[in-house]
**Student:** 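First the structure, then my questions, so here it is.
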Amino acid sequence: MKKGIIALSPLMVFVVLYLVTSIIAGDFYKVPITVAFMAASMYAVLISGGATLHERIDIYSRGAAKGQMMLMIWIFILAGAFAHSAKVMGAIDATVNLALTLLPGNMLLAGLFLAACFISISVGTSVGTIVALTPIAAGVAQQTSTSVPLMTAVIVGGSFFGDNLSFISDTTIAATATQGCKLSDKFRVNSFIVIPAAIVILVVYLMMGTDIQSPQHIPEVAYLKVVPYLVVLLTAIMGMNVMAVLSLGTIVTGVIGMAEGAFDIFGWFNAMGNGILGMGELIIITMMAGGLLEIIKHNGGIDFIIERLTRHVSTKRGAEMTVAGLVSFVNMCTANNTVAIITVGGIAKQIADRFGVDNRKCASILDTFSCTVQGIIPYGVQILMAAGLAQLNPISIMPYLYYPFAIGIAALLSILFRYPKRYS
C-alpha cells in the first residue's frame with residue numbers, strides 16, 4: 001500500500017501545487033500550470049527507486065514522446081497555424097458576423113451547443129469540434145459582451161456529446177471492443193443515459209441566453225472569408241483525418257487571404273508562425289503530462305488503484321460502481337479517455353462477467369465516465385486546446401462545464417437506480 005501511495009504522490013503534488021495554492025491565493029493565474037507540472041515531474045523522477053537517474057529520466061522522456069503525445073502535439077501545431085492565420089485573414093470575424101446574423105442573441109448559447117453536438121457526433125472527435133468552433137464562440141462572446149469562458153465551455157461540452165455517442169469515436173470503439181458488444185447496442189444504452197442530460201443542458205442554455213443581446217450594427221458578412229471554416233467542418237464531417245483537415249484549412253486560408261489582400265505570402269507565413277508559437281505552452285504541458293503519467297504507471301500507481309478498487313466488490317451495483325471508479329481514476333492519471341478505457345477494459349469485462357453486469361451497460365459506463373473526467377480535468381487535451389484557442393486559463397472554463405458534469409451525474413444515477421432496466 002505504501003508503495004502504491006508513493007507511486008501516486010506526484011499527481012497529488014501537482015494537485016496541491018496548482019489547484020490548492022491557486023484557491024488559497026484566490027487567483028488561478030498565480031501558479032502557472034507549466035511550473036506545477038515541472039515541480040511534479042521533478043518530484044516523480046526523484047522518488048522513483050530501483051533505477052539510476054539516467055534510467056528514470058529515460059522513462060519520463062519515453063512517456064513525453066509517446067506516439068499519442070506526439071500526435072497531440074502535431075494537432076496543436078496545425079491548429080495554431082490554422083487558427084491564427086484564419087484570424088489574421090478575417091475568417092473568424094466573418095464567421096462570427098454570419099452566426100450573429102443567423103441566430104438571435106437569445107439563441108446563441110443553445111445554437112452553439114447544438115452545433116457542437118452535431119459536428120462532434122458526425123466527426124467522432126471532440127478535438128476536431130473544439131478546433132473548428134472555439135474561435136467562433138470566443139468571437140461571438142466578445143461581440144455580445146458575454147463571458148468568454150462560458151461560450152468556450154459550451155463548445156467543450158457539446159464536443160463530448162459526439163465523443164461519447166458517435167459510432168466512429170475512438171472511445172466508443174474501444175469500449176465496445178473491450179466488452180465484446182455491438183456499437184449499435186452500446187449506442188442504444190448510452191442514449192438512454194446521456195440524451196436526457198443533453199436536453200436538460202440545452203434548456204439551461206436557452207434560459208441563460210435570454211439576456212444575451214445581439215449587437216445593434218452587425219458588419220456585412222464577407223462570405224468568401226467564411227469558406228476556410230466551412231472547408232474544415234465539411235471535411236471533418238466527411239471523416240477526413242483531423243491533421244489533414246487542419247492542413248487543408250490552413251492552405252485554403254492562405255489562398256483566400258492572399259486573393260483578398262489580407263496578407264502576402266510572407267504575411268501568411270508569419271501568421272502561421274505566430275499561431276504555432278502561441279501553442280508553445282500547450283505543447284510543453286502535453287509533454288510533461290505524458291512523462292509524469294508514464295513515471296506513475298512505471299512505479300505501479302495504476303496497478304495499485306485497480307487492485308484497491310476491485311477488492312470488495314460483491315453486488316451488481318457495486319461492480320458497476322467499481323468499473324466507473326476504475327476508468328475515472330485511470331483517466332485522471334492518463335489524461336486520455338481512450339487510453340483509460342483500453343487500460344481497464346479487460347478488468348472491467350472480468351468484473352462484469354463475474355457479477356452479471358450487461359456488457360452493453362458496462363461499455364456505456366466505461367465511455368460515459370471517461371468522457372466526464374476527460375471533460376473536467378484542466379490538463380486534458382480538449383480543455384487545453386479550447387483554452388489555448390480562446391486565450392484563457394484552463395481553470396476559468398471549468399465552472400461552466402455543465403454537460404460533462406451532467407452526463408457523469410446521469411451515469412451515476414443509472415447505476416444507483418438501475419436504468420435502463422432492460423440492460424441493468
Side-chain angles (χ1 to χ4, degrees), residues 2-23 28 30-76 127 279-308 326-344 370 373-385 387-388 393-395 398:
K2 183 179 178 182
K3 183 181 176 182
I5 293 173
I6 292 172
L8 292 171
S9 60
L11 199 60
M12 301 170 198
V13 169
F14 169 76
V15 170
V16 169
L17 187 58
Y18 186 59
L19 289 182
V20 176
T21 53
S22 296
I23 290 168
F28 282 102
K30 285 280 187 183
V31 181
I33 194 169
T34 46
V35 174
F37 265 118
M38 182 185 72
S41 298
M42 293 170 68
Y43 170 77
V45 171
L46 184 67
I47 63 157
S48 298
T52 65
L53 179 60
H54 178 79
E55 288 170 339
R56 286 179 251 167
I57 294 173
D58 188 54
I59 292 165
Y60 182 91
S61 301
R62 283 203 309 270
K66 270 187 172 178
Q68 290 166 336
M69 296 297 130
M70 296 310 298
L71 177 62
M72 278 192 255
I73 288 169
W74 271 114
I75 292 171
F76 285 152
V127 173
M279 290 289 173
E281 185 179 42
L282 298 189
I283 292 169
I284 292 168
I285 291 168
T286 300
M287 295 185 74
M288 287 198 292
L292 177 66
L293 298 169
E294 185 69 17
I295 286 271
I296 290 172
K297 183 179 178 182
H298 174 79
N299 290 338
I302 304 289
D303 292 336
F304 168 75
I305 198 65
I306 289 172
E307 188 272 329
R308 299 294 293 183
L326 273 173
V327 76
S328 298
F329 190 85
V330 173
N331 203 130
M332 285 180 61
C333 293
T334 60
N336 186 306
N337 44 351
T338 306
V339 171
I341 292 170
I342 293 170
T343 301
V344 305
S370 68
V373 173
Q374 188 68 18
I376 61 175
I377 52 175
Y379 50 93
V381 61
Q382 289 84 356
I383 293 182
L384 289 175
M385 174 70 79
N393 185 300
I395 298 294
M398 291 182 66

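These values consider heavy atoms only, across backbone and side chains, with no hydrogens, waters or symmetry-generated copies. From a predicted model like this one, the values you see are computed outputs, not experimental measurements.
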**Student:** What is the distance from atom NE2 of H298 to atom CZ of R62, rounded to the nearest 0.5 Å?
**Tutor:**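 That separation rounds to 7.5 Å.
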**Student:** Could you tell me which non-hydrogen atom of A39 sits nearest to which non-hydrogen atom of L17, and how far apart they are?
**Tutor:** CB-CD2, 3.4 Å
**Student:** What heavy-atom pair brings T34 and M288 nearest, and what distance separates the two atoms?
**Tutor:** O-CE, 3.3 Å
**Student:** Scan residues 279-300 for pairs that pass salt bridge (Lys or Arg N to Asp or Glu O under 4.0 Å), counting only residues two or more places apart or in two chains.
**Tutor:**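 Qualifying pairs: K66-E294.
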**Student:** Nearest 0.5 Å, please: how far is CG in L292 from CE in M38?
**Tutor:** 13.0 Å
**Student:** Of the non-hydrogen atoms in R56 and A51, which two are nearest, and what is the gap between them?
**Tutor:** NE-O, 3.1 Å
**Student:** Can you tell if the side chain of I341 reaches within under 4.5 Å of the side chain of V327, non-hydrogen atoms only?
**Tutor:** yes
**Student:** Distance check, rounded to the nearest 0.5 Å: I376 atom CD1 versus Q382 atom CD?
**Tutor:** 12.5 Å
**Student:** Measuring from I295:CD1 to I57:CD1, what's the distance to the nearest 0.5 Å?
**Tutor:**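 Reported value, rounded in 0.5 Å steps: 9.0 Å.
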**Student:** Can you name the closest pair of heavy atoms from Q374 and N336 and give their distance?
**Tutor:** OE1-N, 3.3 Å
**Student:** Report the distance from atom CD1 of I6 to atom CD1 of I296, rounding to the nearest 0.5 Å.
**Tutor:** 13.5 Å
**Student:** What's the spacing between I283 CD1 and M70 CE if we round to 0.5 Å?
**Tutor:**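 If we round to the nearest 0.5 Å, I283:CD1 and M70:CE are 9.0 Å apart.
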**Student:** Between I5 and F304, is there a side-chain heavy-atom distance shorter than 4.5 Å?
**Tutor:** yes
**Student:** Can you give each donor-acceptor pair under 3.5 Å made by side-chain atoms of residues 41-49, sequence neighbours left out, with the distance rounded to 0.1 Å?
**Tutor:**
residue : atom : partner : partner atom : Å
S41     : OG   : F37     : O            : 2.7
S41     : OG   : Y60     : OH           : 2.8
Y43     : OH   : S9      : OG           : 2.9
S48     : OG   : A44     : O            : 2.7
S48     : OG   : N299    : ND2          : 2.9

**Student:** Which residues pass the side chain to side chain contact (heavy atoms under 4.5 Å, CB included) test with P378, not counting sequence neighbours?
**Tutor:**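 P394, I395, M398.
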